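Since we're looking at a predicted model, the values are computed, not measured.
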Amino acid sequence: MQKSTFRVARKRRLAREMGLCITCCTEQPENGRAVCLRCAKKATLRTAQHRALQREATTLGEIAAFQEHAGDRACGYHLYEDAAEHFQNALNVGAIAQADRSRISEKLAYVLSLGRNPAAASSLFDRALASHIGKPEEASKTVEILLQQARQLWMDMRTQDALPLLEQAIQIAEANGAPRLRKMTNIRMANYLVGLCRHEEAKQFLDVAGDVDDGDDAILRGTYYTQRAIIAGEFGDATAAFDYFERAIDAAQEDSDVFHAASVWGIYSSYANWLGNIELAKACCERSLLIARQFHIMWYIPRACLAYADILFRIGQYGIAYEYLLDALSRDTHVPIIDVALANAGIPLALHMKDETILEKCVRVSALDFAFRSGSIHTICSTVAAFAQWYVACGREREARVLIHRVVETLSSPQQLTDWDFPIAVAQYGSLSDIPRIHGLLRSRADLPCSDVAQACLSLFNAFFEKRNRKHADAYRHAAQAVERFKILGWHRYSSLAQTLLPTPMQEPTFVTSNGRPFADLQTVLTVREQQVAGFVLQGLSNRAIATELSITENTVEKHMTAIMIRLGIRSRHQLAAALESAPNMVNN
């Protein structure tokens, strides 16, 4: 390069000495000039072209800046579909600086992650990570992109694959030494481990992160309190769980990340439902759906609709639940996490409503593959329970048993039973060899504090099991307990399911004797001990109080209550009290 430059300079010096054009070194220049006429014209043309390119670049830069500004405005109004279009138009302008292109690409990735097709953001996050990774001064941006990539994998039901990204984020945060980054990455790792039902490991990461305070930002506090709430609930401390959830909600209301706010309400709803507070679960799910609609989180709206439909289905509001199912289907958003939610909520509801068209749509997606790929025990159990119902409805009982057995073999602790449909599906459709393991796990879960739903589920599980063993009297007793417990919880769908196991559909009490005439004395119908129990019911005593008064066990009282209800053809303590008040010779002890 130096030799070439030297030769050119020497050539021009010789041309000047000989009176030739210093550019072409062959023609005679004009008088008073160093270049010839032809070279002068070429130089003028090049200057004009360069100025034209500069003007064009300025114009294109203004267009790109205008499109970016329009995208920012649309994003400010939460119109993510419009914002994505503007940012894409800005990137289509060729003459923009690399720094501007990187900035606009990151904005496009963010709005796509909230839009109708969040999977399209994955490639943009990969490119953004490649431009920031390995630069210590950009550690915060690198960690942010890694967390976004992890969330994309979670939406694709690849939670296991997200863990290496989170480990990488933790390493970068440790190397950077920023306290906030270390705290955030450890909390996010705990978040994903909780989703995989690895609660002990999650607790360790939360302990490493340490406590949060008002000096931390809202999203950090909200995520931390949410994970603490889930872990407290898993270990039976409902009071602490609800307290942590309330703190998480307070933090979410301060947060500018609308997806985080909606997801906190959604998680609160699912765990309130799991802990037995169905009304709180319904209210939280309504709030989550409201935020998703208000801020146009396009992919999250159908997921919230499906969660709300599932809650309505549990409490027996089938018609309204069906409307929300149709709303979710009309959104035309196909993301693996939504496909799994569609199968979990849609299959039981479509079977109940006898809608073959909707049922076909719910089972068409590869929800089973997505669920097993996720590694989440809760997701796997709920999806398998839904598909087992469908297999049985199609007359494919063997496939249902094989599918259930595949999951039962992986369960080892009561904390892994986070979905109540699965143990009931095992009792109904599973092989007899799988029932003892699930029964033991469910009993251990029911022995934990604040486990009203688990106890009701255990009663229904025992009812189905005893029915399969042809021990009808025990099946009736457990079924009656399940009916009463699920009614108290407000889970009317499960209460109705338990009623199908009783000898006859429960009807309003008719109180007739064997000859068909109305009786006037309960002594002709009930035994002496049953009359004593009935008398205490009339006084408003609970089963435990009755057991104390009669010096018997609470289990014995429940057996007497079951026998009384079956004899009188009634379904609740309220109806029993009404019958006792109308019986003149009832002796109260």
- Does the side chain of R228 pick up a donor-acceptor pair with the side chain of Y224 at under 3.5 Å? yes
- Message: Whether the N273 and Y268 side chains hold a donor-acceptor pair (N or O, under 3.5 Å, no angle test) is what I'd like checked.
- Response: no
Under a 4.0 Å threshold between the charged nitrogen and the carboxylate oxygen, would [Y] count as salt-bridged to [X]?
X: D250; Y: R247; result: no
X: R331; Y: D327; result: yes
X: K361; Y: D355; result: no
X: R493; Y: D421; result: yes

Could you tell me if the side chain of [Y] sits less than 4.5 Å from the side chain of [X], heavy atoms only?
X: W265; Y: E286; result: no
X: K282; Y: L312; result: yes
X: L147; Y: M184; result: yes
X: L325; Y: L342; result: yes
X: R158; Y: F370; result: no
X: H78; Y: Y80; result: yes
X: Q67; Y: Q88; result: no
X: Q148; Y: Y110; result: yes

- Passes salt bridge (Lys or Arg N to Asp or Glu O under 4.0 Å), D217 versus R221? Steps please. CA-CA 6 Å; D217 57 57; R221 287 184 283 120; over 6 Å; no
Side chain of [X], backbone of [Y]: donor and acceptor closer than 3.5 Å?
X: Q227; Y: A202; result: no
X: S269; Y: C284; result: no
X: K107; Y: G71; result: no
X: S382; Y: D419; result: no
X: R401; Y: G430; result: no
X: N89; Y: E85; result: yes
X: N186; Y: R182; result: yes

- Query: Are more than 12 heavy atoms from other residues, nucleotides or ligands located less than 6.0 Å from atom CZ of R406?
  - Reply: no
- Step through the shown structure and confirm whether more than 12 heavy atoms of other residues, nucleotides or ligands are within 6.0 Å of CZ on R293. yes
- Query: When you look at I133 and I172, which way does the side-chain contact (heavy atoms from CB on, under 4.5 Å) test go after all the steps?
  - Reply: CA-CA 9 Å; I133 195 75; I172 294 173; 4.0 Å; yes
Closest non-hydrogen atom pair, [X] against [Y]:
X: I438; Y: P423; value: CG2-CB, 3.8 Å
X: A393; Y: L351; value: CB-CD2, 3.7 Å
X: I347; Y: A386; value: CG2-O, 3.3 Å
X: M157; Y: I337; value: SD-CA, 3.5 Å
X: D211; Y: K183; value: O-NZ, 3.3 Å
X: A400; Y: A388; value: CB-O, 3.9 Å

Give, for atom [atom1] of [X] and atom [atom2] of [Y], the distance between the pair rounded to the nearest 0.5 Å.
X: Q168; Y: L146; atom1: CD; atom2: CG; result: 5.0 Å
X: L112; Y: F125; atom1: CG; atom2: CZ; result: 8.5 Å
X: R180; Y: T185; atom1: CZ; atom2: OG1; result: 10.0 Å
X: M298; Y: L114; atom1: CE; atom2: CG; result: 11.0 Å
X: L165; Y: I170; atom1: CG; atom2: CD1; result: 11.5 Å
X: H260; Y: R151; atom1: NE2; atom2: CZ; result: 10.5 Å

- Message: Could you check whether H352 and Y318 have their ring centres less than 6.0 Å apart?
- Response: yes
- Message: Please report whether the ring centroid of F259 lies less than 6.0 Å from that of W299.
- Response: yes
- Stepwise, does the side-chain contact (heavy atoms from CB on, under 4.5 Å) test hold for I358 with Y322? CA-CA 10 Å; I358 300 300; Y322 185 70; 3.8 Å; yes
- Task: Would you kindly check if the NZ (Lys) or CZ (Arg) of R396 is within the cone defined by 45 degrees around the ring axis of W390 and under 6.0 Å from the six-membered ring centre?
- Result: yes
- Item | Intermediate values then yes/no, side-chain contact (heavy atoms from CB on, under 4.5 Å), L280 and F245 | CA-CA 12 Å; L280 178 60; F245 270 124; over 6 Å; no
- Of the options T383, T379, D339, which is the one that meets N344 in a side chain to side chain donor-acceptor pair (under 3.5 Å)? T383
- Message: For E201, give me all partners under salt bridge (Lys or Arg N to Asp or Glu O under 4.0 Å), at least two apart in sequence or on another chain.
- Response: R198
- Message: Could you go through V384 and F422, starting from their C-alpha distance and side-chain angles, then the distance that decides it, and tell me whether this counts as side-chain contact (heavy atoms from CB on, under 4.5 Å)?
- Response: CA-CA 7 Å; V384 166; F422 182 73; 4.0 Å; yes
